[in-house]
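Written out below as structure tokens is the structure these notes cover.
Chain A is the first sequence line, chain B the second, and so forth, proteins listed ahead of strands; every chain is numbered from 1. Below, all heavy atoms of this structure are taken into account, side chains as well, without hydrogens, waters or symmetry copies. Computed from a predicted model, the values in this text were never measured in an experiment.
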2 protein chains.
Amino acid sequence: MRIRIFFCNFAANFVYKRKIDMIRVAVLGYGNIGRAAEQAILAAPDMELARIFHHNDPSVSGDEKAMRENPINADVMLLCTPTREVPEFAEKMAKMGICTVDSFDIHGRIYDLRSQLMPLCEQYKTVSIVSAGWDPGTDSMVRALLLAMAPKGLTYTNFGPGRSMGHSVAAKAIPGVKNALSMTIPLGTGVHRRMVYIELEDGADFKTVEANLLKDDYFAHDETHVIPVKSVDELNNVAHGVHLTRSGVSGDTHNQRFEFNMEINNPALTGQVMVSCARAAYRMQKNGEYGCRTMIELRPIDMLPGETEELIKAIV
Amino acid sequence: MRIRIFFCNFAANFVYKRKIDMIRVAVLGYGNIGRAAEQAILAAPDMELARIFHHNDPSVSGDEKAMRENPINADVMLLCTPTREVPEFAEKMAKMGICTVDSFDIHGRIYDLRSQLMPLCEQYKTVSIVSAGWDPGTDSMVRALLLAMAPKGLTYTNFGPGRSMGHSVAAKAIPGVKNALSMTIPLGTGVHRRMVYIELEDGADFKTVEANLLKDDYFAHDETHVIPVKSVDELNNVAHGVHLTRSGVSGDTHNQRFEFNMEINNPALTGQVMVSCARAAYRMQKNGEYGCRTMIELRPIDMLPGETEELIKAIV
């Protein structure tokens with residue numbers, strides 16, 4: 001133990017890495033989040049990068065025979081694919097006995113995905129951690145913790161300033177829009193303003209585009225401002241933020257006030273959270289705790305590298 | 001399930017209470033925290049207050065024979081005693097097969113207490129949750145979560161404004177001091193100012209008392225101001241606060257910034273957190289996960305009343 005800490009503290013990471021059971025983590029998908037996850041794996045003292053897979057690699061997307069002929073030498077696969085592809089890949093990986101972590105972010109369908117994967121994880125003795133990002137994800141853990149601290153009251157999750165992918169895609173789909181960026185601006189109590197920057201197609205009329213956008217279901221319910229720009233690309237920035245508040249009641253004592261704030265690089269945080277959850281998945285599998293879990297079902301300590309004793313002494 | 005929610009939502013709590021397996025929670029000690037814990041138990045939809053015990057009740061502090069003759073009809077005992085009495089009572093309860101929750105707050109000895117209780121919990125099939133308050137406790141969970149989000153960087157926990165019991169007792173021990181209140185004021189980056197309000201004994205010299213207090217090891221290392229007052233009692237207020245910050249690195253992305261703030265009634269929050277942990281202890285015991293745990297080893301969902309499905313849909 002002392003030797004491990006010595007090597008770790010003095011940054012001889014490669015020596016440290018050889019001393020312990022390394023967790024082999026693979027990445028499926030190499031967009032913003034896949035790249036960020038790769039960096040987080042490389043920075044982890046207890047992990048090695050198994051491989052980065054493209055979504056049409058036979059190891060991950062062939063039929064069962066092709067997959068068995070191209071086995072994946074990894075303990076955990078991070079599913080850094082578009083959210084809609086997550087359920088299919090998570091099922092395939094479970095059947096190959098590989099744990100998965102995803103950042104599935106369709107809030108209304110998370111429980112269904114968990115129910116879909118649960119029997120497969122139990123049958124094939126794997127752990128699948130779903131919706132492991134910052135919201136859903138770490139924000140969910142903070143919301144759960146605040147409920148435990150003050151069971152009655154109101155929690156507001158305010159997002160931004162930051163880009164909303166869903167709203168940007170919806171804006172881009174309006175006729176006459178060449179490119180669009182929709183920024184989410186927090187106004188408090190869970191109310192948001194949309195600042196939509198649009199690059200018009202040649203000959204498109206701004207007033208018509210603006211009117212159509214404001215009627216769109218994605219924008220009709222929020223305060224929305226549409227701003228024409230020459231280049232959406234020049235505005236691009238992966239910064240995001242959260243301002244989460246709760247005022248609640250502990251026992252019969254009112255006015256207990258809490259807030260959680262962050263200002264972060266969005267894909268970097270998502271990739272890092274997935275990697276920390278990969279560690280938890282690996283440990284839960286080793287411990288025989290097979291199944292599909294959301295982040296509020298994880299023990300925080302399982303996401304951290306190192307020994308229980310050192311972690312308790314350092315953190316608790 | 002639908003019926004349960006119906007009763008719960010419409011506040012017919014006593015009907016709801018009969019429909020589910022009620023957790024029987026007892027309280028040992030009836031100071032500020034014991035009273036707050038009592039209120040939190042009464043407010044919980046899935047608990048009933050078993051009994052409040054005085055520390056010299058034969059059920060909790062007799063010899064083993066006396067304890068066996070006065071069995072405690074409870075699933076979990078909250079140890080709301082002075083911190084130094086926690087280890088002994090926790091051991092006794094484990095031997096009676098009763099789960100415990102305490103808010104043991106001597107940071108340097110938490111791991112030792114956990115090690116002391118672990119074999120007893122395993123032998124007698126109980127769960128003991130130690131250091132379940134807000135610091136150590138929920139702050140520890142936030143610190144763990146932030147480490148999972150940005151593994152490299154600095155976390156600062158800034159306390160207050162609020163009363164420090166340890167410093168107040170130390171000030172009261174200075175000759176010439178009749179009563180004292182030491183307030184902790186956060187100055188950022190974990191540095192604190194001490195504002196010490198003292199009520200002098202008849203004939204005591206303020207300058208002498210001040211000089212002795214500033215030399216005391218409790219105060220010598222912090223910026224300390226000593227203020228004479230007529231009545232310390234009139235200043236009493238159980239308000240407290242935390243301002244916890246982290247700036248760190250996710251993967252190889254720096255400048256990820258986080259903060260967690262709260263302004264709370266101190267005993268009310270401590271009592272509530274202990275009660276939420278009693279629920280986790282009960283569930284872990286039912287699930288065969290015997291042992292002694294700190295809060296960073298708990299699943300947040302286990303602290304919350306209700307069904308997994310409803311909680312995931314509401315929080316994640």
Side-chain angles (χ1 to χ4, degrees), chain A residues 36-40 42-44 107 110-111 114 131 134 136 138 140-145 147-152 249-253 255-265 268-269 271-273 275-277 294-301 303-305 308-309 311-313 315-316, chain B residues 36-40 42-44 107 110-111 114 131 134 136 138 140-145 147-152 249-253 255-265 268-269 271-273 275-277 294-301 303-305 308-309 311-313 315-316:
Chain A
E38 177 189 24
Q39 293 305 327
L42 295 174
H107 278 265
I110 295 169
Y111 187 79
R114 179 180 176 280
S131 302
W134 52 270
T138 47
S140 318
M141 291 182 94
V142 172
R143 284 190 287 265
L145 188 58
L147 267 173
M149 297 166 86
K152 292 172 187 171
V249 186
S250 307
D252 64 353
T253 300
N255 197 30
Q256 303 281 73
R257 279 167 293 144
F258 309 89
E259 66 175 25
F260 175 73
N261 302 314
M262 62 184 199
E263 294 180 323
I264 47 88
N265 173 313
L269 181 57
Q272 179 66 64
V273 170
V275 167
S276 296
C277 286
T294 60
M295 283 187 75
I296 64 172
E297 301 167 272
L298 306 186
R299 293 175 283 253
I301 197 171
M303 297 193 286
L304 304 178
T308 300
E309 179 171 354
L311 288 168
I312 288 175
K313 286 182 173 170
I315 301 168
V316 176
Chain B
E38 176 189 24
Q39 293 304 327
L42 295 174
H107 279 265
I110 295 169
Y111 187 79
R114 181 180 176 279
S131 302
W134 53 270
T138 48
S140 318
M141 291 183 94
V142 173
R143 284 190 287 265
L145 188 59
L147 268 173
M149 297 166 86
K152 293 173 186 171
V249 186
S250 307
D252 63 353
T253 301
N255 197 29
Q256 303 280 73
R257 279 167 293 145
F258 309 89
E259 67 175 24
F260 175 74
N261 303 312
M262 62 183 200
E263 295 181 321
I264 46 88
N265 173 313
L269 181 57
Q272 179 66 64
V273 171
V275 168
S276 296
C277 286
T294 59
M295 283 187 76
I296 64 171
E297 300 167 271
L298 306 186
R299 293 174 283 252
I301 197 171
M303 297 194 286
L304 304 178
T308 301
E309 179 170 352
L311 289 168
I312 288 175
K313 286 183 174 172
I315 301 167
V316 175

Exercise for review: Write down the atom of B:Ser140, the atom of B:Ile296, and the distance for their closest heavy-atom approach.
Suggested key: O-CG2, 3.4 Å
Revision key, fill the gap. Tightest non-hydrogen contact, residues B:Lys152 and A:Ala43, listed as NZ-O, 4.2 Å
Revision key, fill the gap. From the list B:Ala37, B:Gly251, B:Ala150, the residue making the most non-hydrogen contacts under 4.5 Å with chain A is B:Gly251
Practice item. For chain B, find which of A:Asn265, A:Val273, A:Val275, A:Thr294 contributes the most heavy-atom pairs closer than 4.5 angstrom. Key: A:Asn265
Review point. Which heavy-atom pair separates B:Arg143 from B:His107 by the least distance, and what is that distance?
Key: NH2-CE1, 4.4 Å
Point to revise | salt_bridge(B:Arg299, A:Glu297) N-O dist < 4.0 Å | key: no
Exercise for review: Grab the two heavy atoms, one from B:Ala144 and one from A:Ile315, that are nearest each other, plus how far apart they are.
Suggested key: N-CG2, 3.8 Å
Check your understanding: With only heavy atoms counted, which part of B:Leu298 is less than 4.5 Å from chain A, the side chain, the backbone, both or neither?
Key -> backbone
Point to revise | Partner chain B: residue of A:Met295, A:Met141, A:Glu38 with the largest heavy-atom pair count (under 4.5 Å) | key: A:Met141
Review point. What option among B:Asn261, B:Thr253, B:Ile264, B:Leu147 has the most heavy-atom pairs under 4.5 Å with chain A?
Key: B:Asn261
Review point. Out of B:Ser276, B:Ala148, B:Ala268, which one racks up the most heavy-atom pairs below 4.5 Å with chain A?
Key: B:Ala148
Practice item. Quick one: which of B:Met262, B:Glu259, B:Gln39, B:Glu263 has the most heavy-atom pairs under 4.5 Å with chain A, could you say? Key: B:Glu259
Check your understanding: Quick one: does B:Met303's side chain get under 4.5 Å of A:Leu145's, heavy atoms only?
Key -> yes
